[in-house]
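Step one of this worksheet: look at the structure below.
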Amino acid sequence: MRIINNSHLSYCTNIHSGETFKEVWNQLKEHTTIVYKKIETNTPFGIGLRLSALAAKEVLENNQLFDFKDWLFEHNMYVFTLNGFPYGGFHHTTVKDKVHHPDWQTRERMEYTKNLCDILSVLLPETVEGGISTSPLSYKYWYTKVSEIEEVKHKSCIQLLEVVRYMIKIKEQTGKLLHLDIEPEPDGVIETSDEWIDFFKKYLIPNGVTMLTKQLNMTSLEAETAIRTHVQLCYDICHFAVGYEDPEVVVGKMDQYGINIGKMQISSALKVNISKDEKQLAEIKNLLINFDEPTYLHQTVLKKREGGLQYYRDLKPALKKIDIKYHKELRTHFHVPVFTHNYSVLQSTQDDIIKTLNLWRKDPFTKHLEVETYTWEVLPDELKTDMDTLIFQEIEWVIQNLQS
């Protein structure tokens, strides 16, 4: 919605419920137009659009895409990035690890992503590159053996490269550049920056060069360049913060290995310093239990006092294991408003956002900036405000930090 340093800043519409395209469109009419008015700017409003597999299929099959494009134009809006991570229901249902289903081993995931490519190639303005964020291949706790994880990576790589070939074709036919932005997440098959780099180097590049040189008659250099162009990183600040990865280190690694960052998702996790006082620990637990809700996974990482990390699949089992003798900090994958640092004795990982935005100000390493606090409906009541006001406040907070 704001263009800063030739880059686009908006929010992800996955904060709004709606799995059909009609529902999605109605939410944009009801909320996104209001947020735009609150911004009080005449510049075009970019949208980070979330479409389920059902909505993507509907907009293509029912010939609504061009009507939607016309509506965007009439309201001075455009779409520059799509969220293709959640395939199915994302609100008013138990999501948890289902958010990874179907995973990148399946044809369903590939075809869904191709549909998103077709949609974005029509909606994308002529001079803007488009990105589609997607899942970190699969959910690692669905597998018990290292060999099974390796098989997931191999099968997923082949499917991803088919999408790369599809994006190359779109670029040739329309002149529009699209990239697929893989989003590492706690407990995903790709979880850390090192796992992402390893997958990129050991799977995507060698397999992709072999495939593209044979099928598209490219040179090895042309093939590798195409892979690096069309497969990039979705840097979700919350996800890396939960794993205690420093933003400067993550961004530096991507630069070192020549891996592009296609999208920065500006998001904040919940954290707390663990007191050595039993009464204070009880207070911390009582506050944190309010964030243990049944819709989303809240992967949690405890930092030990002597060093090292302990990983838990959700918040509740981590709360049962906290020991004041051994643990010094807890971080959990619960997206909280980016403009708030403290919640009573709890904190957020807002400092990681500020560090990342400062890095970006010095060297804009991505053209897509997207605020992503999708948990509005499951936030504790004391943290809720009007949804449109929340979105506006988050965007304004980011702008202020970029301009300070």
Side-chain angles (χ1 to χ4, degrees), residues 82 84-85 87 100 102-118 120-121 129-140 142-143 145-185 188-235 250 253-263 366:
L82 296 178
F85 191 148
Y87 179 97
H100 294 277
D103 67 14
W104 266 104
Q105 298 178 91
T106 66
R107 188 168 188 84
E108 290 93 334
R109 172 67 65 172
M110 180 183 68
E111 293 298 336
Y112 163 49
T113 308
K114 283 185 176 181
N115 283 345
L116 294 179
C117 290
D118 290 336
L120 190 54
S121 68
E129 67 179 50
I132 301 170
S133 53
T134 190
S135 79
L137 309 189
S138 189
Y139 182 64
K140 72 179 182 182
W142 290 345
Y143 313 97
K145 300 177 182 177
V146 173
S147 60
E148 292 175 333
I149 295 289
E150 296 303 308
E151 184 67 12
V152 171
K153 292 179 180 178
H154 175 72
K155 290 181 177 179
S156 299
C157 179
I158 302 305
Q159 302 275 68
L160 289 166
L161 290 170
E162 181 59 34
V163 176
V164 168
R165 191 172 68 162
Y166 200 70
M167 288 180 165
I168 291 171
K169 182 180 178 181
I170 287 174
K171 179 69 164 61
E172 292 173 347
Q173 293 177 342
T174 69
K176 294 182 178 179
L177 172 62
L178 306 182
H179 43 80
L180 190 61
D181 305 327
I182 310 294
E183 183 179 339
E185 176 173 294
V189 166
I190 297 177
E191 179 173 6
T192 68
S193 57
D194 285 339
E195 288 174 347
W196 166 236
I197 292 167
D198 182 77
F199 177 73
F200 202 94
K201 290 172 59 181
K202 293 184 179 179
Y203 289 86
L204 277 175
I205 293 298
N207 285 285
V209 168
T210 299
M211 185 185 106
L212 295 179
T213 53
K214 288 182 179 179
Q215 296 183 2
L216 300 183
N217 197 30
M218 289 179 163
T219 65
S220 295
L221 179 59
E222 289 171 337
E224 181 169 341
T225 299
I227 297 162
R228 292 182 182 275
T229 299
H230 293 290
V231 184
Q232 304 189 22
L233 171 69
C234 175
Y235 179 30
V250 174
K253 286 179 182 178
M254 298 308 120
D255 183 60
Q256 177 184 352
Y257 289 99
I259 299 175
N260 294 315
I261 299 176
K263 174 158 65 175
T366 178

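All values derive from a computational prediction rather than experimental measurement.
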Practice task
Starting at CD of Glu151, measure out to OG of Ser156 and round the result to the nearest 0.5 Å.
Solution key: 9.5 Å

Fill in the blank from the handout: dist Gln232:CD -> Ile227:CD1 (nearest 0.5 Å) comes out at 12.5 Å

Handout entry: Stepwise side-chain contact (heavy atoms from CB on, under 4.5 Å) check, Glu222 with Thr219
Key = CA-CA 5 Å; Glu222 289 171 337; Thr219 65; 3.1 Å; yes

Problem - Heavy-atom check, side chain of Val189 versus side chain of Lys153, under 4.5 Å - result: yes

Completion exercise
Nearest heavy-atom approach of Arg109 to Thr113 is O-OG1, 2.8 Å

Exercise for the section: Indicate yes or no for a side-chain donor-acceptor contact from Arg228 to the backbone of Gly258 under 3.5 Å, with no hydrogens or angles considered. Expected result: yes

Completion exercise
Across all chains, not counting sequence neighbours, the side chain to side chain donor-acceptor pair (under 3.5 Å) partners of Asp198 are Lys202

Problem - Residue pair Lys140 / Ile149, side-chain heavy-atom distance below 4.5 Å - result: yes

Problem - Student check: side-chain heavy atoms of Pro184 and Leu233 closer than 4.5 Å - result: yes

Problem - Distance, nearest 0.5 Å, that separates CZ of Phe199 from NE2 of His154 - result: 10.5 Å

Fill in the blank from the handout: In short, Gln105 meets Val152 closest at the heavy-atom pair NE2-CG2, 3.6 Å

Handout entry: Trace of the side-chain contact (heavy atoms from CB on, under 4.5 Å) decision for Ser220 with Thr213
Key = CA-CA 6 Å; Ser220 295; Thr213 53; 4.2 Å; yes

Handout entry: Contacts of Gln159 that satisfy side chain to side chain donor-acceptor pair (under 3.5 Å) - sequence neighbours left out
Key = none

Exercise for the section: Report yes if some heavy atom in the side chain of Val231 is under 4.5 Å from a heavy atom in the side chain of Leu161; otherwise report no. Expected result: no

Quick one: side chains of residues 163-172, donor-acceptor pairs under 3.5 Å with protein atoms, not counting sequence neighbours, listed by atom name and distance.
from: Arg165; atom 1: NH1; to: Gln215; atom 2: OE1; distance (Å): 2.5
from: Arg165; atom 1: NH2; to: Glu162; atom 2: OE1; distance (Å): 3.0
from: Arg165; atom 1: NH2; to: Glu162; atom 2: OE2; distance (Å): 3.0
from: Tyr166; atom 1: OH; to: Asp118; atom 2: OD1; distance (Å): 2.8
from: Tyr166; atom 1: OH; to: Asp118; atom 2: OD2; distance (Å): 3.0

Practice task
Heavy atoms only: give me the nearest Ser193-Met254 pair and the separation to one decimal.
Solution key: CB-CE, 4.0 Å

Problem - Derivation of the side-chain hydrogen bond (donor to acceptor under 3.5 Å, both in side chains) call for Tyr203 and Glu150 - result: CA-CA 10 Å; Tyr203 289 86; Glu150 296 303 308; 2.2 Å; yes

Problem - Heavy-atom pair of closest approach, residues Ile197 and Ile259 - result: CG1-CD1, 4.0 Å

Handout entry: Pair Glu185-Tyr139, side-chain donor/acceptor within less than 3.5 Å
Key = no

Practice task
Supply the atom-to-atom distance His230 NE2 to Thr225 OG1, rounded to the nearest 0.5 angstrom.
Solution key: 10.0 Å

Problem - Pair Tyr87-Glu108, side-chain contact (heavy atoms from CB on, under 4.5 Å): steps then yes or no - result: CA-CA 9 Å; Tyr87 179 97; Glu108 290 93 334; 3.8 Å; yes

Handout entry: Nearest heavy-atom neighbours spanning Ala223 and Met218
Key = CA-SD, 3.8 Å

Handout entry: Contact check, side chains of His100 and Phe85, non-hydrogen atoms, under 4.5 Å
Key = yes

Completion exercise
Heavy-atom closest pair (Gly262 atom, Thr366 atom, distance to 0.1 Å) is O-OG1, 3.0 Å

Exercise for the section: May I ask you to check whether Ser138 and Asp103 show a side-chain donor-acceptor distance below 3.5 Å? Expected result: yes

Completion exercise
One should read off an interatomic distance between Asn207 CG and Ile158 CD1, to the nearest 0.5 angstrom, of 5.0 Å

Exercise for the section: To the nearest 0.5 Å, tell me how far Leu82 CG sits from Leu120 CG. Expected result: 4.5 Å

Handout entry: Donor-acceptor pair, side chain of Glu195 and main chain of Glu191, under 3.5 angstrom
Key = yes

Exercise for the section: Answer yes if the side chains of Trp104 and Thr134 hold a donor-acceptor pair under 3.5 Å, and no otherwise. Expected result: yes

Exercise for the section: Assess the side chains of Lys176 and Ser121: does a donor N or O sit below 3.5 Å from an acceptor N or O? Expected result: no

